[in-house]
Amino acid sequence: MSAKPEDFFKNIISHCKEYGFIFQSSEIYDGLSAVYDYGQNGAELKKNIREYWWKAMVQMNENIVGIDSSIFMHPTVWKASGHVDAFNDPLIDNKDSKKRYRADVLIEDHIAKIEDKITKEVEKAKKRFENFDEAMFRSTNARIIEYQTKINDINTRFKAALNDNNLADVKQIIVDCEIVCSISGTRNWTDVRQFNLMFSTSIGSVDGEGSTIYLRPETAQGIFVNYLNVQKTGRMKIPFGIAQTGKAFRNEIVARQFIFRMREFEQMEMQFFVKPGTEMHWYEHWKTARLKWHHSFGLGETNYKFHDHIKLAHYANAAADIEFQFPFGYKELEGIHSRTDFDLKQHEQFSGKKLQYFDTESNSSYVPYVVETSVGLDRLFLATLSAAYKEETLENGETRVVLNLPPALSPIKVAVFPLVKKDGLPEFAEKIMESLKYDHIVTYDEKDTVGKRYRRQDAIGTPYCITVDHQSLEDNMVTVRERDSMKQERIAISAIPQYMNERVGLTSLLKKL
RNA sequence: GCGAAAGUAGCUCAAUUGGUAGAGCUCCAGCCUUCCAAGCUGGAGGUUGCGGGUUCGAGACCCGUCUUUCGCUCCA
């Protein structure tokens with residue numbers, strides 16, 4: 001329609017700022033890369049999405065309960081989960097080809113090449129001599145000795161450099177070995193850098209005496225370490241789930257695409273504990289249930305698709321993403337993973353505590369298997385907003401920008417206007433607003449023409465506007481104008497509460513599930 | 001992180017080879033009109049992202065830096 005695809009996403013970002021949905025963090029100080037703040041309307045929309053998720057998972061399922069675990073956790077949690085070891089690879093870039101390599105792999109490959117040369121020398125010699133003594137040949141041949149010395153030197157130096165965490169020397173080894181990029185063929189390398197996934201800080205008020213702890217890179221571990229607490233105190237019977245929403249932190253190498261990938265973000269996760277062997281049943285169950293939940297937003301079912309993982313993480317035996325068609329293409333919105341008993345087993349091992357469940361049916365104990373649903377709240381926010389954002393051309397040729405948000409998720413549910421700013425209409429309108437504010441977020445506006453005020457509300461997705469006119473003073477009727485159709489109807493003031501409750505509450509969404 | 005491009009009022013953009021930073025919209029205070037953004041009057045808002053340099057003089061030229069976008073790379 002009006003905007004070109006490449007401009008469309010830009011317009012959404014501008015709209016987010018202009019109407020108080022998203023601001024860049026610390027903007028007056030030039031901002032902080034890949035960190036964003038939610039403004040007055042964004043905070044409401046985000047809260048509403050979170051609430052809808054929570055009700056759909058916890059309130060609607062008797063066997064799912066919610067927790068709220070700390071962002072700080074014992075450092076060993078992240079050793080057990082594998083996060084500490086997984087992201088400490090030293091990386092180096094070739095400036096010409098822009099190709100990134102693991103520095104240790106480059107060096108190991110180089111060593112392997114030298115070993116190849118030795119092997120070739122040995123094979124050549126094998127063919128030449130009848131009674132070939134390989135060990136003798138290896139220990140006496142001058143060229144092989146030279147190669148082997150080189151390998152030993154590199155290995156010694158490389159080990160020392162890694163032990164001392166001396167990244168400068170790791171680079172120097174690459175330079176000294178004259179290792180070239182296989183693509184560009186050049187030796188134009190950047191410095192070797194260590195990338196850490198997790199943000200660290202220290203606990204304990206005395207500087208230097210505290211121990212290093214991490215800001216959690218996922219909320220799931222808070223569920224795993226509490227699984228037995230919840231199971232016992234809640235008398236939960238398998239299968240049961242534990243849900244949680246909360247911030248997680250990842251020191252991404254690159255963070256792009258607005259709030260799609262941020263360093264600080266919010267997850268909504270549910271870990272479902274099941275009897276081993278039944279996990280595939282539950283995996284399929286949650287795939288279906290979660291997709292249905294997404295569809296209930298009414299943003300277009302064709303915008304969603306499953307992406308089944310072929311290559312699985314070490315802890316999983318099945319994994320799928322629900323992808324959403326963002327303005328920049330299909331991208332992951334939610335992950336549904338069959339995580340096996342990997343996490344709980346790891347925590348058993350590292351903590352030395354039994355994390356087993358006693359199954360009264362089979363009269364046996366086992367570590368439950370886990371099926372995880374994990375959705376990014378910020379991504380869901382972006383998906384919702386970008387699918388709801390419409391630049392419309394009206395019949396009279398005018399354009400309007402409207403957010404076709406599900407009414408239950410809209411930041412503001414009702415706007416109340418006096419048709420004119422005199423004759424007692426403002427006071428009358430304010431009374432209506434006062435009566436509604438106990439149940440809904442309501443706003444009041446008396447500035448500019450009423451048409452302009454409708455457009456302002458369209459731009460933030462307010463589903464209903466109530467306008468008070470002179471006749472209202474006599475018959476206690478008001479005009480209700482609906483956002484998407486722009487249709488108006490006349491209703492009694494006494495009917496407003498029920499009218500709104502039927503249309504802007506979460507109940508109607510929950511009933512679709 | 002690498003490369004390229006960009007950064008001027010809340011938003012969209014101007015500003016002659018280097019010569020006093022402007023406009024429209026928005027916003028605010030009023031007036032008028034009164035059911036779909038368009039009338040009138042007045043007002044606020046900028047160390048031109050930031051820091052250096054060249055120059056008599058820099059929004060413009062040079063260097064650095066920050067942020068954003070795109071491509072590559074990475075992605076439990």
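Note that the structure is predicted; figures quoted are calculated from it, not measured. The chains referred to below are lettered A, B, ... by the order of the sequence lines, with proteins before strands, and numbering in each begins at 1. Just so it is clear, the values below take in all heavy atoms, side chains as well, and ignore hydrogens, waters and symmetry mates.
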- Note on the structure: A:Arg453 CZ to B:rC36 P, in whole Å, measures 12 Å
- Rounded to the Å, how far apart are A:Phe428 CZ and B:rU34 P? 20 Å
- Query: What interatomic distance, in whole Å, is found between C1' of B:rG24 and the corresponding atom of B:rU20?
  - Reply: 23 Å
- Query: Below 4.0 angstrom from OP1 or OP2 of B:rC11, is there any side-chain N or O of A:Lys17?
  - Reply: yes
Check residues 323-331 of chain A and write down every donor-acceptor pair under 3.5 Å in which the side-chain atom is one partner and the other belongs to a residue at least two apart or another chain.
residue, atom, partner, partner atom, Å
A:Tyr330, OH, A:Thr302, O, 3.0

- Message: Going by purine N1 to pyrimidine N3 plus the second Watson-Crick contact, or the G-U wobble pair, all under 3.5 Å, which nucleotide sits opposite B:rC36?
- Response: none
- Message: I'd like to check the side-chain contact (heavy atoms from CB on, under 4.5 Å) partners of A:Lys247; sequence neighbours left out, ordered by chain and number.
- Response: A:Lys46, A:Ile71, A:Phe249, A:Glu264, A:Glu266
- Message: Between B:rG52 and B:rA38, how far apart are the two C1' atoms, rounded to whole Å?
- Response: 48 Å
- For atom C1', what is the distance between B:rC28 and B:rG45, given to the nearest Å? 10 Å
- Task: Could you note down all residue pairs passing salt bridge (Lys or Arg N to Asp or Glu O under 4.0 Å) where residues 419-436 of chain A supplies at least one of them, sequence neighbours left out?
- Result: A:Glu434-A:Lys437
- Which base sits across from B:rA21 as a Watson-Crick or G-U pair, both distances under 3.5 Å? none
- Query: According to a strict under-4.0 Å criterion, is A:Ser33 in side-chain N/O contact with OP1 or OP2 of B:rU68?
  - Reply: yes
- The nucleotide from B:rA76, B:rU34, B:rC35 with an atom nearest the side chain of A:His83 is B:rA76
- Who is the Watson-Crick or G-U wobble partner of B:rC72, with both distances under 3.5 Å? B:rG1
- Message: Taking pairing as Watson-Crick or G-U wobble with both contacts under 3.5 Å, can you name the mate of B:rA6, or confirm there isn't one?
- Response: B:rU67
- Between B:rA44 and B:rG7, how far is it from one C1' atom to the other, in whole Å? 24 Å
- Task: Please lay out, stage by stage, how A:Phe265 and A:Leu377 fare under the test side-chain contact (heavy atoms from CB on, under 4.5 Å).
- Result: CA-CA 8 Å; A:Phe265 60 102; A:Leu377 177 50; over 6 Å; no
- Message: Would A:Arg379 pass as a cation-pi partner of A:Phe260, given that its NZ or CZ must be under 6.0 Å from the six-membered ring centre and within 45 degrees of the axis?
- Response: yes
- Task: Give the ring-plane orientation class for A:Tyr38 versus A:Phe381, where under 30° counts as parallel, over 60° as perpendicular and anything between as tilted.
- Result: perpendicular
- Message: When the C1' atoms of B:rC63 and B:rG10 are compared, how many Å lie between them, rounded to an integer?
- Response: 32 Å
- Rounded distance (Å) that lies between atom P of B:rA76 and atom CD of A:Glu332: 10 Å
- Task: When you get a sec, tell me which of B:rA38, B:rA76, B:rC35 is the closest nucleotide to the side chain of A:Thr449?
- Result: B:rA38
- Task: Round to a whole Å and report the spacing from CZ of A:Arg339 to C1' of B:rA76.
- Result: 7 Å
- So what does A:Asp458 touch, heavy atoms closer than 4.0 Å: a base, only the sugar-phosphate, or nothing? nothing
- Message: With a 3.5 Å cut-off and heavy atoms only, can you find an N or O donor on one side and an acceptor on the other between the side chain of A:Ser14 and the base of B:rC11?
- Response: no
- Message: From the set B:rU67, B:rA76, B:rC35, return the single nucleotide nearest to any side-chain atom of A:Gln24.
- Response: B:rU67
- Message: Has A:Arg339 got a side-chain atom pairing as donor or acceptor with A:Val371's backbone, closer than 3.5 angstrom?
- Response: no
- Any-strand Watson-Crick or G-U partner of B:rG43, both distances under 3.5 Å: B:rC27
- Check every atom of B:rC36, B:rU34, B:rC70 against the side chain of A:Lys422 and return the nucleotide holding the closest atom. B:rU34
- Message: Does A:Gln488 reach a base, just sugar-phosphate, or nothing at all? Heavy atoms under 4.0 Å.
- Response: base
- Query: Ignoring hydrogens and geometry, is there a side-chain-to-backbone donor-acceptor pair from A:Gln271 to A:Ile223 under 3.5 Å?
  - Reply: no
- Query: Under 3.5 Å, is there an N or O donor on one side and an acceptor on the other linking the side chain of A:Arg481 and the base of B:rC36?
  - Reply: yes
- Take the protein atom CD of A:Glu218 and the nucleotide atom C1' of B:rC75, then report the distance between them rounded to whole Å. 14 Å
- Query: Rounding to a whole Å, what distance do you find between A:Asp321:CG and B:rC75:C1'?
  - Reply: 12 Å
- Message: For a quick check under 3.5 Å, do A:Glu269 and A:Gln244 share a side-chain donor-acceptor pair by atom type?
- Response: no
- Item | C1' atoms of B:rA4 and B:rG22, separation to the nearest Å | 31 Å
Dump every N/O contact between nucleotides 47-51 of chain B and the protein below 3.5 Å, one line per pair.
residue, atom, partner, partner atom, Å
B:rG49, O2', A:Asp30, OD1, 3.1

- On RNA chain B, nearest-nucleotide positions of A:Glu27 versus A:Lys487: which is more 5'? A:Glu27
- Query: Taking atom P in both B:rG51 and B:rA9, what distance in whole Å separates the two?
  - Reply: 16 Å
- Partner residues of A:Trp54 under the ring pair (Phe, Tyr, Trp, His ring centres under 6.0 Å) criterion, sequence neighbours left out: none
- Separation of B:rA76 atom C1' from A:Gln346 atom CD, nearest Å, is 13 Å
- Message: Can you confirm whether the side chains of A:Gln24 and A:Asp37 place a donor and an acceptor under 3.5 Å from each other?
- Response: no
- Whole-Å P distance, B:rA23 and B:rG18: 25 Å
- Query: Side chains of A:Gln221 and A:His83: do they bring a donor and an acceptor to under 3.5 Å?
  - Reply: no
- Query: So which nucleotide does B:rA15 pair with, by the Watson-Crick or G-U wobble rule with both distances under 3.5 Å?
  - Reply: none
- Message: I'd like to know if A:Arg261 reaches the base of B:rC75 with its side chain such that a donor and an acceptor end up less than 3.5 angstrom apart.
- Response: yes
- Task: Let me know the distance between CG of A:Asn11 and P of B:rU68, rounded to the nearest Å.
- Result: 19 Å
Provide a list of protein-nucleic acid N or O atom pairs under 3.5 angstrom, restricted to nucleotides 23-30 of chain B.
residue, atom, partner, partner atom, Å
B:rU26, OP1, A:Lys452, NZ, 2.9
B:rC27, OP1, A:Arg456, NH1, 2.9

